Amino acid sequence: MDLKEKVALSLKGAVADARIRLEDDDGISGFVVSPEFRGMSALDRQMLIDKAIRNSSVKLSKAERRQILGIAALTPAEFDTLDPR
Amino acid sequence: MKFTGEEYYRASIERMRQAREIHDSGAGYALAMYTGGLAVECILRAFRWNKDRSFEGRHDLKDLLKASDLLRINEEPSRKRGVAENERRQSSIALHAAMNEVVVLWNNNLRFAPEASLRAFVNSIGRFQGVKGNALKKNSADLLNAAQMIVDRGGTLWTLKKK
């Protein structure tokens, strides 16, 4: 299992109804989209992601965690307003 | 026009100051928010330029996010200063939260948005809920505060790199 898959699995296990879009380009970045984030502050969202990665059943080493650049946590409405890719 | 990393860094500071001035004047929150996001883009470009001087990136914060090393928190200086691991972790989470806020609230098309369109956008993502008073002003402040944290972090790292 590569790092991107490990991170995706970690997030799926912690975030309900999650749609996950990650890229590995010299580091992991991307989005996790879920209605669970509605009404949640940005700080609480990132704490949830941090906890999901640290407490995952799929263990990530410190070196692997350092490869995670940034994962934005968005509601479906917020994701829909992003610039089209 | 082509710019060096140092010029991008200086522009990030200028744009942040200009964003604050526009916000405080109440002249237009769409422009204040756009300019705040520009400040973030500038500091990310400064670091991206260091890696690849041929970089001709688009105005896309998501692309710049993955292209920059800004969010790779260099823990060595903090660790050497005796900063506890939990404090370093909280600092990292706060920075990622700031980036999250910019991703949610900033859009390259804000430069074209009349205030009414900004209002519709902010409302569509549920950011009016629970806000008392001027909701546009509140959301503009949220974005600028998040942008400030990123620009400040970038400025600290940039200054350390020069030493």
Side-chain angles (χ1 to χ4, degrees), chain A residues 3-4 7 10-11 14-15 18 20-55 60-85, chain B residues 37 44 47-48 51-52 58-76 85-86 88-110 113 117-118 120-130 142-143 145-146 149-150:
Chain A
L3 180 56
K4 193 171 84 170
V7 174
S10 303
L11 294 170
V15 181
I20 296 163
R21 291 201 186 178
L22 300 175
E23 294 177 17
D24 189 350
D25 185 0
D26 196 24
I28 303 290
S29 64
F31 306 96
V32 53
V33 183
S34 168
E36 188 174 335
F37 296 130
R38 257 182 232 132
M40 199 185 278
S41 71
L43 189 60
D44 285 341
R45 297 181 191 192
Q46 288 298 318
M47 284 174 68
L48 195 158
I49 289 176
D50 180 77
K51 206 171 166 184
I53 288 166
R54 285 176 184 269
N55 296 342
L60 286 112
S61 66
K62 264 191 182 176
E64 285 176 319
R65 289 203 301 268
R66 272 193 223 113
Q67 290 301 307
I68 301 170
L69 291 176
I71 299 170
L74 307 175
T75 66
E78 290 164 353
F79 184 75
D80 288 344
T81 66
L82 293 183
D83 290 330
R85 302 294 290 115
Chain B
L44 294 180
F47 283 88
R48 185 68 180 91
K51 283 180 78 172
D52 177 6
R58 297 172 296 156
H59 297 283
D60 191 317
L61 275 177
K62 300 184 296 299
D63 283 338
L64 289 172
L65 256 180
K66 71 182 180 190
S68 81
D69 283 332
L70 188 61
L71 294 187
R72 288 186 208 264
I73 305 294
N74 183 357
E75 295 201 339
E76 253 336 281
E85 182 179 339
N86 191 52
R88 295 198 304 270
R89 182 178 164 187
Q90 293 307 316
S91 176
S92 173
I93 292 172
L95 187 63
H96 282 86
M99 192 64 84
N100 203 123
E101 193 78 327
V102 173
V103 170
V104 167
L105 286 171
W106 192 83
N107 187 294
N108 193 36
N109 285 336
L110 278 174
S117 298
L118 173 64
F121 161 65
V122 172
N123 191 30
S124 76
I125 58 172
R127 296 284 294 222
F128 275 11
Q129 286 172 8
D142 288 345
L143 174 55
N145 290 338
M149 183 183 289
I150 295 164

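Convention: sequence-line order gives letters A, B, ...; per-chain numbering from 1. Here the structure is a predicted model, which is why all the values come from computation and not from measurement.
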(Q) When you measure from the side chain of N107(B) to the backbone of L82(A), do you find a donor-acceptor pair of N or O atoms at a distance under 3.5 Å? (A) no
Q | Per-residue contact mode, L43(A) against chain B (heavy atom under 4.5 angstrom) | A | both
Q) After noting the C-alpha distance and the side-chain angles of Q90(B) and D50(A), does the key distance pass the side chain to side chain contact (heavy atoms under 4.5 Å, CB included) rule? A) CA-CA 10 Å; Q90(B) 293 307 316; D50(A) 180 77; over 6 Å; no
Q. Looking only at heavy atoms, what is the nearest atom pair of A97(B) and A42(A), with distance?
A. O-CB, 3.5 Å
Q) For the residue pair N100(B) and A73(A), what are the closest heavy atoms and their distance? A) OD1-N, 2.7 Å
**Q.** Interatomic distance, R89(B) atom CZ to R54(A) atom CZ [nearest 0.5 angstrom]
**A.** 4.0 Å
Q: Against chain A, work out which of L105(B), I93(B), I125(B) has the most heavy-atom pairs shorter than 4.5 Å and name it.
A: I93(B)
Q: Let me know if I71(A) has heavy atoms under 4.5 Å from chain B in its side chain, its backbone, both or neither.
A: backbone
**Q.** For the student: nearest non-hydrogen atoms of H96(B) and G70(A), plus distance
**A.** CD2-CA, 3.9 Å
Q. Where is the tightest heavy-atom contact between A77(A) and S124(B), given as atom of each residue plus distance?
A. CB-O, 3.7 Å
